[in-house]
Number of protein chains: 2
Amino acid sequence: MTYCVGLLLDAGMVLLSDTRTNAGLDNIATYRKMFIFEEPGERVITILTAGSLSVTQTTIARLREAIEHPEASEDDSIMKAPTMLNVAEIIGNTLASVRQDIDHKMNASKVSVTASMIVAGQRKGGAMRLFLVYPEGNFIEATEDTPFLQIGEHKYGKPILDRVVRPSTTLEDGQKAVLLSMDSTLRSNLSVGMPLDLAVIARDDCKVTSKRRIEKDDPQFAAMSHGWSEALRDGFGRIDLIS
Amino acid sequence: MTYCVGLLLDAGMVLLSDTRTNAGLDNIATYRKMFIFEEPGERVITILTAGSLSVTQTTIARLREAIEHPEASEDDSIMKAPTMLNVAEIIGNTLASVRQDIDHKMNASKVSVTASMIVAGQRKGGAMRLFLVYPEGNFIEATEDTPFLQIGEHKYGKPILDRVVRPSTTLEDGQKAVLLSMDSTLRSNLSVGMPLDLAVIARDDCKVTSKRRIEKDDPQFAAMSHGWSEALRDGFGRIDLIS
């Protein structure tokens, strides 16, 4: 399983992914699920992935190949596509095509594969955009009303986002919100696991403004998780029961 | 959809259910999902239900018929069964048999029905016990390590329970915890809806100590929900971001 979340805030975008991959409960591995493509100052695209590793790895590999191809064109390279909408379309088409190929191969064993992606990006002169790309290649976009998108094991971590995240949320608070959302998910679902990848893209920077990997034994993340538990228990103690 | 939760605390048991039933998004109705069977001081059994309404209603009806049957025996009446384990077995067998009957009827339209139940009870001289009965009729039991059980849309409301509920939690705090757990679920999933049914069974009372229906416009529940949002936002503001 996986948990990835992206925020589209007035001040920029915040992205967080876990790294746990499992084929059954007895085959657990760590794989990066955050992929950054950038030409700093000109264009930044970050992709978060959930689903079958064979699908997501092949999709990312094909996107890379298309970028590096000597005759890369606007139609197939996400680094040349004229708009972020075109970028989402290229990613959606690539994902859908890879998924179909692999699904076809899996047919014999009656297993079905699937994957979805969050795509965040901005090109110079354009708007920041955040998309959720479905396994079929279609996609939806974050808006003022719904400024966050999640893929994978999204339910445990949604209540905190619903309550805290607004377009006006600062980048600092946005990072806190996604980390606490991840913390709730880590506690409830063993198949989501550390380390985490956290990235911030400030508005109009057109590059990854900051990124960091948070390891399992990160004392600051542990302190934050502990502080949040304390705050919840404190808050809980102050609420009056209806009578 | 549905959300029901039961706590097994040192001081007693706390049970909460919603009442929303839907067949598709355009056919929504209110049905009680909490059923109480008691002979006060001697035996109390509370059943919470999730799943296909046709299965849960028929199961409850058959359990009632068995109780009222003039030749009701230990083997089929949950009000005569010698232990709470036997009660869970009778309920499990009845549920499994009803589900199979209905599933068989549905076969033609390739639709499958399912249902699960939480069973809480105590008989005089016995221990309080809390079970989760699966659609197949088998069941698990709450323990010291896992003092709560959930059915239906359980994920949104789990983080608060994980953080707050321990066997030593008071009945008052237990009620707060299940109501806040429900509040998070109501916010995130439209197919879980008010009114709510809340019941408390204090240890060794062998009856429902208190119960109440919380209506949609209940000002105290609204105040509690609002207070919790405030507490979360306050707590969120006090946490330091890792740097």
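Sequence lines set the chain letters: A, B, ... in the order given, protein chains first and strands last, and positions in each chain run from 1. Nothing here was measured: the structure is a model prediction, and the numbers come from that model.
- Taking every heavy atom of both residues into account, Phe236(A) and Asp173(B) meet most closely at CZ-O, 3.2 Å.
- Residues Met224(B) and Ile239(A) approach most closely at CG-CG2, 3.6 Å, considering heavy atoms.
- The most heavy-atom pairs under 4.5 Å with chain A, out of Gly235(B), Gly237(B), Ala231(B), Ser188(B), come from Ser188(B).
- For the atom pair CG (Asp240(B)) and NZ (Lys176(A)), the distance works out to 7.0 Å, reported to the nearest 0.5 Å.
- Looking at Ala223(A), there are no atoms closer than 4.5 Å to chain B (heavy atoms on both sides), in backbone or side chain.
- Applying the salt bridge (charged side-chain N to carboxylate O under 4.0 Å, His left out) test to pairs two or more places apart or on separate chains, those with a residue in residues 224-239 of chain A are Glu230(A)-Arg233(A).
- Listed by sequence position, the residues of residues 133-146 of chain A in contact with chain B number zero, using a 4.5 angstrom heavy-atom cutoff.
- The most heavy-atom pairs under 4.5 Å with chain A, out of Ser229(B), Gly227(B), Ser210(B), come from Ser229(B).
- The side chain to side chain contact (heavy atoms under 4.5 Å, CB included) test applied to Ser54(A) returns Ser52(A), Ile102(A), not counting sequence neighbours.
- Residues of residues 153-166 of chain B placed with any heavy atom under 4.5 Å of a heavy atom in chain A are listed by number as Glu153(B), His154(B), Lys155(B), Tyr156(B), Lys158(B), Pro159(B), Ile160(B), Asp162(B), Arg163(B), Val164(B).
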